[in-house]
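A note on names: the letters A, B, ... follow the listed sequences, proteins ahead of strands, and every chain is numbered from 1. Here the structure is a predicted model, which is why all the values come from computation and not from measurement.
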Amino acid sequence: MTCVPLGRERWRLEFSESESLFLATILSQLAHHYRQDLDDLPEALQEYWREPESADPADEDKEGSREILSEMRQELRSERLVLVENWLRNYEEAGKHDPWTVELNLAEKDDFIAMLNDRRLLLARQFELVEKDVEQESEEKMSEDRRVALWEINILGHLIFVLIGPQIYQP
Amino acid sequence: MPGVKRLIPIPHAIKQGAPVAFPGTEASPDIDLEDKLKEAFDRGWAVIVWNDPINLMDYVVYVFKTVLKMNEKDASRHMWEVHQKGKSVVARETREKSELIVHRLKGFGLNVTMESL
């Protein structure tokens, strides 16, 4: 995958055929996740989208903020579903995927990065991956599905790095 | 005011009723001085970012720069504080602004809370 700046706050992403297929699979899984009712998700994944219970529910300010943030968080799932469906539609319509090219403005790029990171964080929660797993100290002892999840997390991390790379060390 | 210890000294210019430009802002005749002072004193909510094992260091720096408009030096400093000390206070704002910041940072997947000071 390459991320080429086109000018002020516009980029062209280019994916090889295998990268396109990988990405389309990830996006389909994300779409499925965003579509699901929150109550139907495993508890670990529900927690990702819910605001934690307030330590002091009698504190009206904190409780008020918790409710507002919970609402905004639910809306974000719906917004991300629309975005991911747009990506999948673009993939279908492109037909040719070697390469698959997509042009994005800054807001679209940030949304894309955040969605890829959602997938990383959701996988980590689903497979209970902790720091020592991520640092690959225990990969050999891992089950196959946890190892695959870790690979996916690392590949998505690489894609994110390619996307933010040109901007991160600019003033 | 006798008997009351003032925590923050009132600048001379405010005492004299002169227009005041807070650092990083421009004085505007449309914004009442009283509102500016109120907002300054209402910044009683801290936004705290907590460490987690999945988010990449460079990614966290990028998010701080994007959401909090930090320069690279500050963004990196806060990222290292999160990594080494487990948390960093990245903003002190009004409740409403803190809620918005928390929402945006969470939208990028960071582990964030807000606390009243």
Side-chain angles (χ1 to χ4, degrees), chain A residues 48-52 54-56 59 61-62 64-73 75-77 79-80 106-107 109-111 113-125 129-135 150 153-154 156-171, chain B residues 42-80 82-84 86-87 91 93-117:
Chain A
Y48 180 69
W49 294 106
R50 291 196 198 281
E51 281 301 305
S54 175
D56 181 11
D59 186 328
D61 278 353
K62 281 188 180 171
S65 289
R66 197 182 74 82
E67 284 171 14
I68 288 168
L69 287 168
S70 288
E71 251 175 59
M72 291 198 286
R73 200 92 180 115
E75 286 167 15
L76 189 65
R77 273 167 58 80
E79 290 166 17
R80 295 248 159 108
L106 180 59
K109 187 156 84 86
D110 280 347
D111 284 334
I113 290 168
M115 282 195 309
L116 297 183
N117 204 46
D118 271 349
R119 176 71 182 162
R120 298 179 81 243
L121 294 166
L122 289 164
L123 278 171
R125 280 174 178 263
L129 295 168
V130 292
E131 195 150 8
K132 67 178 171 59
D133 300 320
V134 175
E135 288 172 0
L150 187 58
I153 286 172
N154 288 332
L156 289 171
H158 171 71
L159 293 186
I160 289 173
F161 187 76
V162 172
L163 288 162
I164 65 176
Q167 278 170 277
I168 190 166
Y169 295 117
Q170 285 174 3
Chain B
D42 279 350
R43 287 181 181 173
W45 290 79
V47 177
I48 305 160
V49 175
W50 300 82
N51 194 26
D52 76 86
I54 304 298
N55 281 313
L56 305 166
M57 289 177 172
D58 286 338
Y59 177 75
V60 174
V61 171
Y62 178 79
V63 175
F64 286 166
K65 286 176 79 174
T66 301
V67 175
L68 300 164
K69 307 298 174 203
M70 285 180 181
N71 59 34
E72 189 185 318
K73 188 180 165 193
D74 286 343
S76 297
R77 182 170 56 80
H78 281 284
M79 180 277 290
W80 277 110
V82 171
H83 185 67
Q84 290 176 331
K87 64 176 181 177
E93 276 296 349
T94 62
R95 186 177 143 194
E96 289 77 9
K97 283 187 182 172
S98 294
E99 284 165 356
L100 196 61
I101 291 169
V102 168
H103 177 62
R104 289 211 63 209
L105 292 173
K106 281 197 164 194
F108 276 97
L110 301 198
N111 188 5
V112 197
T113 57
M114 57 187 270
E115 294 289 333
S116 57
L117 298 170

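Between A:Ala114 and B:Gly107, the shortest heavy-atom distance links the atoms CB-O, 3.5 Å.
Going from atom CG of B:Asn55 over to atom CG of A:Leu121 covers 5.0 Å, rounded to the nearest 0.5 Å. To the nearest 0.5 Å, the span separating CD on A:Glu67 from CD on B:Glu99 amounts to 10.5 Å. Of the inter-residue distances, the one linking A:Glu51 atom CD with B:His103 atom NE2 reads 10.0 Å to the nearest 0.5 angstrom. Of the inter-residue distances, the one linking B:Ile54 atom CD1 with A:Leu129 atom CG reads 6.0 Å to the nearest 0.5 angstrom.
Within the 4.5 angstrom heavy-atom criterion, no atom of A:Asp111 approaches chain B.
With chain A as partner, the option from B:Arg95, B:Glu96, B:Lys73 having the largest number of non-hydrogen pairs under 4.5 angstrom is B:Arg95. Between chain B and the options A:Leu69, A:Leu76, A:Asp61, heavy-atom pairs under 4.5 Å are most frequent for A:Asp61.
In this structure, the side chains of B:Tyr62 and A:Ile160 stay at 4.5 Å or more apart for every pair of heavy atoms. With contacts defined as side-chain heavy-atom distances shorter than 4.5 Å, the pair A:Leu163/B:Tyr59 does not qualify.
For the side chain to side chain contact (heavy atoms under 4.5 Å, CB included) with B:Thr66, the lone residue among A:Ile164, A:Leu106, A:Asp110 that qualifies is A:Asp110.
With A:Arg73 contributing its side chain and B:Lys106 its backbone, the two residues share a donor-acceptor pair below 3.5 Å.
For A:His158, there are no ring-ring contact (aromatic ring centres under 6.0 Å, His included) partners at least two apart in sequence or on another chain.
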Can you give the donor-acceptor pairs under 3.5 Å from side chains of residues 110-117 of chain B to other protein atoms, not counting sequence neighbours?
| from | atom 1 | to | atom 2 | distance (Å) |
| --- | --- | --- | --- | --- |
| B:Thr113 | OG1 | B:Trp50 | NE1 | 2.8 |
| B:Glu115 | OE1 | A:Lys62 | NZ | 3.4 |

